[in-house]
Amino acid sequence: MSQVCTKVDVCVVGAGHAGCEAALACARLGFETVIFTVSVDSIALMPCNPNIGGTSKGHLVRELDALGGEMGKNIDKTFIQSKMLNRSKGPAVHSLRAQADKAEYTRSMRKVLESQQHLTIKQAEVCEILWEEELQGKKRIKGLKTFTGAVYTCQCIILCTGTYLRARCLCGESITHTGPNGLQAATYLTDSLEEMGIEMRRFKTGTPARMDGRTIDYSKMEEQFGDERIIPFSFSTAPETVQKEQVSCWLTYTNQDTHEIIRNNLDRSPIYAGIIEGTGPRYCPSIEDKVVKFAEKERHQVFIEPEGIHTNEMYVGGMSSSLPEDVQIAMYRTVPGLENCKIVRNAYAIEYDSINARMLYPSLECKEIKGLFSAGQLNGSSGYEEAACQGLVAGINAALSIQGKEPLILDRSESYIGVLIDDLVTKENREPYRMMTSRAEYRLLLRQDNADLRLMEKGYQVGLVSEETFRKLQEKKKLIQEEIVRLKSTMVGAGSKIQIFLKAHGSSPLKTAVSLAELLCRPELSYEVLAEIDMDRQPLPEAVREQVEIEIRYEGYITRQKRQVEQYKKLEKKKIPKDLDYDAVPSLRLEARQKLKMFRPLSIGQASRISGVSPADISVLLVYLEHGSHER
């Protein structure tokens, strides 16, 4: 029987958030790309909470947008509520979060993919990766084969399989071998990956029930509103276009009755009955885990959030579970407002295969298999945003690889994406990885508001950011610097008008002349407030005014963190040859030798972040490299 054989440049396996970004990046850079999915209905699917952003995740989406990704643009078109989190704290932890219309988000992203030149969507299950041996035992990608026998030859493959590999969903004693939302699982690809020498792991995640909104008593809950002034995710979205009427979300709480039902039925939970093999996410635990691990807490938050404006389904945030259906009903009905609730979709846990991400370079290319890239939950991360960012980076680097160019590697000092990928490929992650602001050492520099200033030039150099967009960025930078200089050089005296102004705003009087920049550093004053005494001020865009205020107000802290980055960069610039023989490095401890051989770091900086490699080991390695011993 003859096989269907198609030749393309890039194959993307999976059409979730990682796959969409990877495929769009490759196609937009001019490479013929085909994206495979077990169901076209699962393109950009949100199997868990239909929201984008949140603490630290909002940073990721802003950075992805600055590099030329699509997620920020798509949520701007399909959100139903938007809110900037952590406004009471400093700008480093401000994070945008938007509730999406789940169906519209998927439909909108699918339309983008279908309209993209050089991109083809194919519904098929990929079951085998085709490769060939090269010199020195390395492998090179040749293509892939689908379940129906079709063969696609290509130069690069990007794996974005999400939670579909050998997936099984668990609800009490009921087990179905399907992916999220009952969609078909990918059954055969794991075997092919293991044959190639890729180390696999078993992880778990879960999702709560969906309720019929007509059976919920919202009067017993706290209403949660969106922001009055909506800020878009994408730097290309005009703020005036996203100002619209928003839907409400709701807050309620579990109680001791809820917890008692859960405790009495732990033996029926697959998590505690030993049925689940995979490791679950520490920072997004099931309600069973919360009740067991935080037994002293009298209640836990429960967020009731709409799945969209054309459905009655409501998402029950904070109560993911794998308990049996009868226990779920009893448990949910103890929560205020849910006493008469009806479940549309049961909560469930899902187990799936993922790879050990230490097998990847920071470019997300597999160390031992040239042309094979991996992104998203397959790499052991959790979350739509983490997946999308990896997908974009993998897509960019697949394209650069075909062009014979150096990969785009974002480091920890310039982006949350850099922190995310570095943590995945450098640390021994034994549970699904979730991005948090606390993971970023330089978070005062890596704010969500300046993602374009940090990363858009890289997106432009790669080819995903247009000339016009880049020109606007250059103009924005110019306006910011000019206004900072003007404020620092504009002096105000201690005259009566100024003293009256300061008193009116609860600020201490002046004894001598100061600059407007110095006044702006006072916490009770702001850039907008100072307009009253700033006679030479010209109108500036809101985004420019925001940057000016932050740069001046936090100048001392920002300068200190920039010095820390300089020290960090010195270690990152000290490269380690990929083929370095660590057994030949004298005085290196056995554990360090084993870990360095396992992870194969590209720089001294990356080596220093590997667990089990001590500062003394780094000193030994530095001396060895600086004396050129490895070359001899």
Side-chain angles (χ1 to χ4, degrees), residues 16-22 24-25 52-73 75 92-93 95-96 158 160 233-235 357 360-365 373-400 406-427 429 433-462 464-465 565 568-569 572 602-603 605-606 609:
H17 303 283
C20 288
E21 297 292 349
L24 286 170
I52 295 296
T55 302
S56 78
K57 294 168 177 281
H59 293 66
L60 289 173
V61 181
R62 278 295 186 85
E63 291 180 352
L64 177 137
D65 183 75
L67 289 167
E70 191 66 28
M71 178 176 269
K73 297 179 179 67
I75 187 61
V93 293
S95 290
L96 196 57
I158 307 172
C160 305
F233 266 103
S234 176
F235 292 100
L360 305 174
Y361 288 122
S363 64
L364 297 181
E365 184 175 20
F373 293 79
S374 179
Q377 286 185 272
L378 179 62
N379 290 347
S381 64
S382 68
Y384 310 143
E385 302 83 1
E386 289 91 336
C389 290
Q390 292 173 66
L392 180 70
V393 171
I396 289 172
N397 285 327
L400 292 174
E406 287 295 307
L408 171 71
I409 296 178
L410 303 173
D411 69 46
R412 302 181 73 91
S413 69
E414 61 189 350
S415 67
Y416 270 70
I417 299 176
V419 173
L420 163 67
I421 294 176
D422 186 65
D423 280 352
L424 286 173
V425 303
T426 304
K427 297 182 179 179
N429 299 297
Y433 177 96
R434 180 179 180 176
M435 193 69 237
M436 294 181 290
T437 53
S438 59
R439 297 190 191 274
E441 303 93 321
Y442 312 111
R443 55 185 172 273
L444 185 55
L445 302 179
L446 309 183
R447 306 182 309 275
Q448 55 91 30
D449 58 77
N450 69 356
D452 58 336
L453 302 174
R454 291 185 281 116
L455 297 175
M456 195 171 281
E457 185 170 354
K458 291 182 183 293
Y460 172 70
Q461 290 170 346
V462 166
L464 292 178
V465 172
V565 168
Y568 160 84
K569 289 280 192 184
E572 294 302 308
L602 298 180
S603 69
Q606 188 184 359
R609 294 189 292 276

Starting at [atom1] of [X], measure out to [atom2] of [Y] and round the result to the nearest 0.5 Å.
| X | Y | atom1 | atom2 | value |
| --- | --- | --- | --- | --- |
| L96 | Q448 | CG | CD | 6.5 Å |
| K569 | S413 | NZ | OG | 3.5 Å |
| L400 | I409 | CG | CD1 | 10.5 Å |
| D422 | K427 | CG | NZ | 7.5 Å |
| R412 | I417 | CZ | CD1 | 13.5 Å |
| S374 | Q377 | OG | CD | 11.5 Å |

Between [Y] and [X], is there a side-chain heavy-atom distance shorter than 4.5 Å?
| X | Y | answer |
| --- | --- | --- |
| I421 | L410 | no |
| P407 | E365 | no |
| Q390 | S381 | yes |
| D65 | M71 | no |
| Y416 | E385 | no |
| T55 | V93 | no |
| L64 | L60 | no |
| R434 | K57 | yes |

Which atoms form the tightest heavy-atom contact between [X] and [Y], and what is the distance?
| X | Y | value |
| --- | --- | --- |
| V393 | L408 | CG1-O, 4.2 Å |
| L464 | A25 | CD2-O, 3.9 Å |
| N450 | L445 | ND2-O, 2.9 Å |
| K73 | S234 | CG-OG, 3.5 Å |
| S56 | S95 | N-OG, 3.1 Å |
| L446 | E414 | CD2-C, 3.4 Å |

Q: Kindly indicate, with the supporting measurements, whether the criterion side chain to side chain contact (heavy atoms under 4.5 Å, CB included) is fulfilled by L67 and L392.
A: CA-CA 8 Å; L67 289 167; L392 180 70; 3.7 Å; yes

Q. Are any of the side-chain nitrogens in R609 or E572 under 4.0 Å away from the carboxylate oxygens of its partner?
A.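 Yes, R609 and E572 are salt-bridged.
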
Q | Chi angles and distances behind the side chain to side chain contact (heavy atoms under 4.5 Å, CB included) call for Q606, V425 | A | CA-CA 10 Å; Q606 188 184 359; V425 303; 4.0 Å; yes

Q. H59 side chain to A92 main-chain N or O, any donor-acceptor pair under 3.5 Å?
A.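 Present.
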
**Q.** CA sep, side-chain torsions, deciding dist, call: R454, S415, side chain to side chain contact (heavy atoms under 4.5 Å, CB included)
**A.** CA-CA 8 Å; R454 291 185 281 116; S415 67; 4.1 Å; yes

Q) In chain order, what residues pass the side chain to side chain contact (heavy atoms under 4.5 Å, CB included) check against Y361, with sequence neighbours excluded? A) K138, S363, K367, K578, L602

Q) Cationic tip of R62 within the cone over F235's six-membered ring, i.e. under 6.0 Å and within 45° of the normal? A)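 Here R62 passes the 6.0 Å and 45° test against F235.
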
